[in-house]
Amino acid sequence: MKKIGFIGIGKLGLDCAEVMAEKHEVRGYDIYPRTSNSVKVCDIDELINESEWIFIAVPTPHAEGYDGAVPSSHLEPRDFGYDAVIDAINKVNLHARESKKVVLISTVLPGTTRREFVPRLARKHQFLYNPYLIAMGSVKWDMVNPEMIMIGTEDGNPNALAGELRELYDTVMQNDPRYEIGTWDECEAIKIFYNTFISAKIGLVNMIQDFAMKIGNINVDVVTNALARSTLRIMGPKYMTAGMGDAGACHPRDNIALRWLAEEYDIGYDLFDTVMHAREIQARNLANFLVEQAKQHGMSIVIHGKAYKPDVAYCIGSYSTLIGHYVKQAGFGVRYLDPLADNPAEVISELVGPAVILWAHNRKITYNYIDDQTDTMPYCAIPRGSIIVDPWRKLPVIEGLTVIPYGNTRNS
Ligand SMILES: NC(=O)c1ccc[n+]([C@@H]2O[C@H](COP(=O)([O-])OP(=O)(O)OC[C@H]3O[C@@H](n4cnc5c(N)ncnc54)[C@H](O)[C@@H]3O)[C@@H](O)[C@H]2O)c1
């Protein structure tokens, strides 16, 4: 039996504390009077000093008018408020006579723990970020049957303190949950993107509903059920590896045509403008990264793969050339390596000296759903000293070359 304390026993914290109290000795503290049959509500000094684990479940509120119950999309975006979390941390510092294992449950944005909380916590304590995927109305059931348990540590080490928390959870869970252990920042990102993926999904599905109402002869359920049954591309893990942007003869132009349709039927919003705009700015961000590398190392820029995907000749709708466009806009030249490309402009067949090379094509990522695929092999000899920017983060360390896994900024 472990000794556990909850600071903040509101809508989330109290039910979670009561679930823990079925197996452990649990205390709760709140700035408002709270009662419980199984959790001992006590003062902050007792809670902190009688608990080995201290869970913080205080609010991280949005500003007034930002809950979505009334129009808010026109308002200036704002961060959550972190005063209550900081107050809880200050109380741990003030009262704790020994080292504590502090676990933050409250929702915060990526980067917040490292920036705001850990520097404030006295060094003798340890800190985990452990957000819950829990919905109102089913808190207790969700707590012991989570889709996953996220545990964030300083460096993503799955053992040490994360392993101890896992052992603690194993005593109360009913569904043998999946554990996702990463850095504080990664777990902050998993939590917030989990929720916003749901918002994006609902936004798309309800857009089809709007089209059904405007165009006629469409039952939205026929359309969404067909998509829901599309487990190959829509409902599965495909397209969940960040890398090059959407490309090809169909997708970019379909988005553009749908923008026209939304305007034609006066849908009132332009989701795909945002999608297409993001695609372009993501390409520009990657182009700027290549330019920075090229400037820093005095090298030219080469994109390995000009066609919109490996093994085909088609350069139509290519994300490689979109990136090339932004490289040129930044004042740099760009060349492509691609033996199949149907557009020979700026295509070269070999490299004479080291270059910054964007590894755009990845056969495994593109075609592995068909069957086991071999890796993309270099389209020519890669000179020693070259810097390969791998947007798919799949290349190994290669002797004589520097490989930069774009999108992985972890230190370990
Ligand atoms: N409610 C949910 O379903 C849910 C699900 C997942 C995540 N979360 C997150 O969990 C956090 C808590 O949410 P909630 O719904 O329980 O909020 P809540 O407002 O119902 O509960 C928070 C409790 O903390 C107390 N509190 C406020 N400041 C305090 C302080 N300085 N010291 C001690 N106690 C203090 C409040 O009195 C309240 O009882 C939020 O970050 C929320 O985003 C909530």
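In what follows, every heavy atom counts, from backbone to side chain, and hydrogens, waters and symmetry copies are set aside. This is a predicted model, so every value here is computed, not measured.
Within the structure, the side-chain hydrogen bond (donor to acceptor under 3.5 Å, both in side chains) test picks out the following pairs touching residues 387-402 (sequence neighbours left out): R384-E399. Judged as a salt bridge (Lys or Arg N to Asp or Glu O under 4.0 Å), the pairs with a partner in residues 350-372 (not counting sequence neighbours) are, in order, D311-R363, K364-D372. For residues 51-65, the pairs satisfying side-chain hydrogen bond (donor to acceptor under 3.5 Å, both in side chains) are E52-K101, with sequence neighbours left out. Within the structure, side-chain hydrogen bond (donor to acceptor under 3.5 Å, both in side chains) contacts touching residues 194-206 (residues at least two apart or in different chains) are E147-Y194. For residues 8-27, the pairs satisfying side-chain hydrogen bond (donor to acceptor under 3.5 Å, both in side chains) are E18-S36, E18-K140, H24-T171, E25-R27, R27-E46, with sequence neighbours left out.
Scanning for side chain to side chain contact (heavy atoms under 4.5 Å, CB included) contacts around R229 gives N225, with sequence neighbours left out. Remark: H304 pairs with no residue by the side-chain hydrogen bond (donor to acceptor under 3.5 Å, both in side chains) rule, at least two apart or across chains. Residues forming a side chain to side chain contact (heavy atoms under 4.5 Å, CB included) with L271 (at least two apart in sequence, or on another chain): L204, M207, Y269. Qualifying side-chain hydrogen bond (donor to acceptor under 3.5 Å, both in side chains) partners for N285, counting only residues two or more places apart in sequence or in other chains: none. Scanning for ring-ring contact (aromatic ring centres under 6.0 Å, His included) contacts around Y132 gives an empty result, with sequence neighbours left out.
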Output side-chain donor-acceptor pairs under 3.5 Å for residues 328-345, partner residues at least two apart or in another chain, one line each.
{"from": "K328", "atom 1": "NZ", "to": "E346", "atom 2": "OE1", "distance (Å)": "3.4"}
{"from": "K328", "atom 1": "NZ", "to": "E346", "atom 2": "OE2", "distance (Å)": "2.9"}
{"from": "R335", "atom 1": "NH2", "to": "S300", "atom 2": "OG", "distance (Å)": "2.9"}
{"from": "D338", "atom 1": "OD1", "to": "L340", "atom 2": "N", "distance (Å)": "3.1"}
{"from": "D338", "atom 1": "OD1", "to": "A341", "atom 2": "N", "distance (Å)": "3.4"}
{"from": "D338", "atom 1": "OD2", "to": "K306", "atom 2": "N", "distance (Å)": "2.7"}
{"from": "D338", "atom 1": "OD2", "to": "A307", "atom 2": "N", "distance (Å)": "2.9"}
{"from": "D342", "atom 1": "OD1", "to": "C315", "atom 2": "N", "distance (Å)": "3.1"}
{"from": "N343", "atom 1": "OD1", "to": "A345", "atom 2": "N", "distance (Å)": "3.0"}

Pairs under 3.5 angstrom only: tabulate donor-acceptor contacts from the side chains of residues 272-283 to other protein residues two or more places apart or in another chain.
{"from": "R279", "atom 1": "NE", "to": "D246", "atom 2": "O", "distance (Å)": "2.6"}
{"from": "R279", "atom 1": "NH2", "to": "D246", "atom 2": "O", "distance (Å)": "2.9"}

